[in-house]
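Note that the structure is predicted; figures quoted are calculated from it, not measured. Throughout, protein chains are lettered first and strands after them, A, B, ... in sequence-line order, and every chain is numbered starting at 1.
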2 protein chains.
Amino acid sequence: MTRTPNAAELAAWRAFLAAHARVTETLEKELEEAAGLPLGWYDVLVQLDESEAGRLRMHDLARAVLLSRAGLTRLVDRMCAAGLVAREACESDRRGRFVALTAAGREALHRAAPAHLAGVYEHFSAHLSPAQAESLRAVLERVLAAQPLRH
Amino acid sequence: MTRTPNAAELAAWRAFLAAHARVTETLEKELEEAAGLPLGWYDVLVQLDESEAGRLRMHDLARAVLLSRAGLTRLVDRMCAAGLVAREACESDRRGRFVALTAAGREALHRAAPAHLAGVYEHFSAHLSPAQAESLRAVLERVLAAQPLRH
DNA sequence: ATACTATAGTTGCACTGGCAACTATCGGAG
DNA sequence: CTCCGATAGTTGCCAGTGCAACTATAGTAT
């Protein structure tokens with residue numbers, strides 16, 4: 001028989017949900033206002049910028065940005081149209097496509113990043129002591145690692 | 001000049017985003033499968049069940065479930081159609097409407113709750129020591145309290 | 001080589017959610 | 001009492017997302 005959360009655990013869970021909703025909402029609006037960039041676009045730019053060659057396969061990118069592959073296809077469509085990324089053929093596997101950062105994409109990221117990171121600090125990190133940040137990371141990575149794999 | 005997150009703080013933030021996405025995704029699917037109930041519906045049922053009279057004004061309910069009032073109108077439409085809640089007139093303020101739990105709604109909640117709470121335990125609480133749960137709650141409530149008020 | 005199964009990515013469709021505009025009502029100022 | 005700004009809720013419209021179905025290609029067994 002599995003346990004259910006006790007009062008303290010349930011309160012933590014609810015705070016987790018509420019904090020996530022509010023903080024992402026705030027950051028989304030700030031980023032939109034400061035750089036005209038939705039949070040999902042920023043996330044894609046970051047993932048590409050951090051990758052080896054500045055490009056990733058759709059499948060890997062979808063995993064990284066927590067979006068279904070269908071959703072990512074549309075997101076990349078929009079970002080291609082905006083000139084921030086470009087699709088490239090994959091020679092070694094002709095089913096695949098790369099999504100690559102363009103110069104404009106890299107520039108948009110570098111323009112948006114300082115304000116966004118300042119927002120992450122102000123609305124999130126500022127409320128954590130160094131020990132709490134480390135504890136939070138450890139706990140949440142444990143939670144994450146325990147999730148059932150998708151597909 | 002505002003700070004930006006250091007490496008540990010950024011890792012905590014990313015773990016926060018990823019853990020939220022994965023855990024809610026898992027719980028959503030489990031609840032849907034076990035009770036045919038989207039997470040948003042469950043949340044509405046819980047809020048109403050915990051309220052004084054088993055009913056709330058749209059405005060208050062919208063705040064509680066982290067949804068815009070427009071979004072809530074549609075959600076309540078669907079739940080009314082399903083018979084889980086009913087709209088009631090508000091005598092003291094004729095602009096307002098109450099949303100009230102029906103018998104079917106209360107029953108759906110009580111049928112869904114055990115499995116859902118077990119899921120919250122399994123996918124979230126189980127990975128927290130009592131001290132960590134308490135620390136997490138405190139930190140996240142502090143983060144939450146610091147958010148700019150909406151409207 | 002052939003066939004069979006698995007995987008990468010895209011598309012049709014339906015659903016959900018937000019914004020802005022709208023109606024109805026409230027509450028205070030003159 | 002009347003007007004006027006504020007508030008509650010709904011609706012039109014549109015953007016974003018997932019699921020399932022589809023096409024194309026890869027990998028594997030015979």
K.L.:
Counting just side-chain N and O atoms, does B:Arg57 come under 4.0 Å of either OP1 or OP2 of D:dA8?
P.N.:
no
K.L.:
Does any donor atom in the side chain of A:Gln132 or A:His127 lie under 3.5 Å from an acceptor atom in the other side chain?
P.N.:
no
K.L.:
Using whole Å, report how far CZ of A:Arg69 lies from C1' of D:dA20.
P.N.:
12 Å
K.L.:
Would you kindly check whether a donor in the side chain of B:Arg94 faces an acceptor in the base of C:dT25, or vice versa, at under 3.5 angstrom?
P.N.:
no
K.L.:
Rounding to a whole Å, what distance do you find between B:Met79:CE and C:dG17:C1'?
P.N.:
16 Å
K.L.:
Rounded to the nearest Å, what distance is computed from the CZ atom of residue A:Arg97 to the P atom of nucleotide D:dA24?
P.N.:
14 Å
K.L.:
What integer distance in Å separates B:Met58:CE from C:dT23:C1'?
P.N.:
15 Å
K.L.:
Any side-chain N or O of A:Arg78 less than 4.0 Å from the OP1 or OP2 oxygen of D:dT17?
P.N.:
yes
K.L.:
Pick base, sugar-phosphate or nothing for B:Arg74, based on heavy-atom distances below 4.0 Å to the nucleic acid.
P.N.:
base
K.L.:
Please test A:His116 against A:Leu39 for side chain to side chain contact (heavy atoms under 4.5 Å, CB included), starting from the C-alpha separation and ending with a verdict.
P.N.:
CA-CA 9 Å; A:His116 178 63; A:Leu39 211 45; 3.6 Å; yes
K.L.:
Nearest to the side chain of A:Arg95 - D:dA6, C:dC19, C:dA8?
P.N.:
C:dA8
K.L.:
Can you tell me if A:Glu9 uses its side chain to pair, donor with acceptor, with the backbone of A:Asn6 under 3.5 Å?
P.N.:
yes
K.L.:
I need the CD-C1' distance between B:Glu91 and D:dA8, as an integer number of Å.
P.N.:
16 Å
K.L.:
Relative to each other, are the rings of B:His20 and A:His20 parallel, tilted or perpendicular (30° and 60° limits)?
P.N.:
parallel
K.L.:
Calculate the interatomic distance between B:Leu39 atom CG and D:dG18 atom P; express it in whole Å.
P.N.:
15 Å
K.L.:
Decide if atom CZ of B:Arg78 counts as having more than 12 heavy atoms of other residues, nucleotides or ligands within a radius under 6.0 Å.
P.N.:
yes
K.L.:
Specify the residue among A:Gly71 and B:Thr73 whose closest nucleotide of DNA chain D lies further upstream toward the 5′ end.
P.N.:
B:Thr73
K.L.:
Starting from P on D:dT17, measure out to CG on A:Leu75 and report it in whole angstrom.
P.N.:
6 Å
K.L.:
Rounded to whole angstrom units, what separation is found between the CG atom of B:Leu61 and the P atom of D:dA8?
P.N.:
14 Å
